[in-house]
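Notes follow once the structure below has been shown.
Note: hydrogens, waters and symmetry copies are ignored here, and every other heavy atom, side chains too, is used. We count residues from 1, following the sequence as given. Source: prediction; values computed, not measured.
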Amino acid sequence: MGEFVRLEVSDGVGTIRLDRPKMNALDAQMQTEIVEACAEADRRDDIAAVVVYGGERVFAAGADVKEMAAMSFQEISRHAHLLQSFTRSIAAIGKPTISAITGFALGGGCEVALATDVRFAADNAKLGQPEILLGIIPGAGGTQRLSRLVGPARAKDLIYTGRFIDADEALAIGLVDQVHPADEVHAKAVEWASQFVGGPALALRAAKNAIDRGLEVDLQTGLDIERTEFAALWATDDQSAGMTSFVENGPGKATFSGR
């Protein structure tokens, strides 16, 4: 349990709760605690899926600018590794992940959301990569994940201008996947995550790995990754249970053990 980040578990869903008043500014301590929470969420068998949530008021307003402004070139060169490590740790969770975005998700906060599989936004959400207004660029994955998600032209528009966009525009360009009333967005994210409780955990992990790794390589290499992941699932109890149930009872009736 970190000071500013905690992992809460209920009914098979883990919530990585960001809680550093007032705006969840992502300082080095918070980034380190996110890495630790992600590692725990990944290894725990009682967690089927993960929600990242900053609370009712704000998701995360960005990195701690005061902390970074005082750093020398040598210090920021070292810190840049942590900047990418904490969002990479979110992306590396081998389970379905979703951000429940309320209020501001800016800079590093937007990069946190980009690192999850799916993003649900409150109707009052504001998203953006405003680093250019500080004379810098995104450093926690924004230039890479945003362009892969919404395309290079839209990513360049957001990063070049540093402008904030509302939830409707974020939905229109594919930055978020659903928009809900602010008082419902967290519950909707938990509902989405809950569908994976009792699911085939190893197959879900394999699917995520094949998709994510495949996006980084050429098509043939991606197909090779898929083939390897596909065949490996024949070593699992869930494959046997799922196929036996299908043959005997029809689709959608299997009970999985996650092994």
Side-chain angles (χ1 to χ4, degrees), residues 1-24 26 29-60 86-105 109 111-125 167 176-209 237-238 241-242 252-259:
M1 183 75 71
E3 182 180 359
F4 300 129
V5 180
R6 59 184 181 271
L7 177 63
E8 302 167 344
V9 184
S10 178
D11 298 325
V13 174
T15 295
I16 294 176
R17 177 69 162 87
L18 312 179
D19 189 14
R20 184 183 180 221
K22 299 178 179 180
M23 301 296 286
N24 286 334
L26 298 157
Q29 178 180 338
M30 199 170 182
Q31 293 165 24
T32 300
E33 290 179 4
I34 288 172
V35 172
E36 294 167 352
C38 289
E40 182 179 353
D42 187 53
R43 67 174 175 260
R44 284 182 57 165
D45 291 337
D46 60 335
I47 296 175
V50 176
V51 177
V52 180
Y53 180 52
E56 296 178 357
R57 183 167 175 262
V58 63
F59 185 71
F86 90 92
T87 51
R88 190 165 56 242
S89 70
I90 298 169
I93 296 172
K95 301 169 183 181
T97 59
I98 181 170
S99 293
I101 302 167
T102 55
F104 291 117
E111 289 167 306
V112 167
L114 288 169
T116 61
D117 298 323
V118 174
R119 286 151 292 282
F120 285 5
D123 54 12
N124 67 352
V176 303
D177 301 286
Q178 293 183 26
V179 175
H180 297 283
D183 61 352
E184 297 178 14
V185 66
H186 177 251
K188 291 292 187 181
V190 171
E191 180 182 349
W192 181 88
S194 295
Q195 68 184 309
F196 304 108
V197 176
L202 295 175
L204 287 165
R205 186 179 290 269
K208 180 167 182 172
N209 190 51
D237 292 344
D238 282 348
K253 299 180 176 64
T255 299
F256 296 110
S257 64
R259 297 191 298 271

Review point. Considering only heavy atoms from C-beta outward, does the side chain of V13 approach that of V197 to under 4.5 Å?
Key: yes
Practice item. Tell me, with the steps shown, if V58 and K22 meet side-chain contact (heavy atoms from CB on, under 4.5 Å). Key: CA-CA 9 Å; V58 63; K22 299 178 179 180; over 6 Å; no
Point to revise | Within 6.0 angstrom of E56 CD, more than 12 heavy atoms from elsewhere | key: no
Exercise for review: Give a yes or no on this: more than 12 heavy atoms of other residues, nucleotides or ligands lie within 6.0 Å of atom CG of D11.
Suggested key: no
Practice item. State the CD1-CD1 distance between I90 and I34, to the nearest 0.5 angstrom. Key: 5.5 Å
Revision key, fill the gap. Tested for side-chain hydrogen bond (donor to acceptor under 3.5 Å, both in side chains) against T97, the lone hit among D117, T116, D42 is D117
Check your understanding: Hey, what do you get for CG (L7) to CD (E40), rounding to the nearest 0.5 Å?
Key -> 5.0 Å
Study note, to complete from the structure: For S89 and V35 the tightest heavy-atom approach is OG-CA, 3.6 Å
Review point. Any idea which heavy atoms bring A100 and Y53 closest together, and the distance?
Key: O-CD1, 3.6 Å
Practice item. Sort out for me which residue in D177, V118, V51 forms a side-chain contact (heavy atoms from CB on, under 4.5 Å) with W192. Key: V118
Point to revise | The single option from E184, H180, H186 passing side-chain contact (heavy atoms from CB on, under 4.5 Å) against F120 | key: H180
Practice item. Count the heavy atoms belonging to other residues, nucleotides or ligands that lie under 6.0 Å from NZ of K253, then report whether that count exceeds 12. Key: yes
Point to revise | Value rounded to 0.5 Å, distance of NZ in K95 from CZ in R43 | key: 10.0 Å
Revision key, fill the gap. Between G258 and L202 the two heavy atoms that sit nearest each other are O-CG, 3.8 Å
Review point. Does a side-chain heavy-atom distance below 4.5 Å link F59 with V52?
Key: yes
Check your understanding: Can any side-chain N or O of Q31 pair as donor or acceptor with the backbone N or O of F86 at less than 3.5 Å?
Key -> no
Review point. Got a donor-acceptor contact below 3.5 angstrom from the R119 side chain to the A113 backbone?
Key: yes
**Study point:** Gap between atom CD of E8 and atom CD1 of I47 - 0.5 Å precision
**Key:** 11.0 Å
Review point. In Å and rounded to the nearest 0.5 Å, what is the CD1 to CZ distance from I16 to R6?
Key: 12.5 Å
Check your understanding: Can any side-chain N or O of N24 pair as donor or acceptor with the backbone N or O of G54 at less than 3.5 Å?
Key -> yes
Point to revise | From OG1 (T102) to CG (D123), nearest 0.5 Å | key: 11.0 Å
Check your understanding: Looking only at heavy atoms, which two atoms of A105 and I101 are closest? And how far apart?
Key -> CB-CG2, 3.7 Å
Practice item. List the atom of A41, the atom of V50, and the distance in Å for their closest heavy-atom pair. Key: CB-CG2, 3.9 Å
Check your understanding: Do E3 and Q29 come within less than 4.5 Å of each other through their side chains, counting heavy atoms only?
Key -> yes
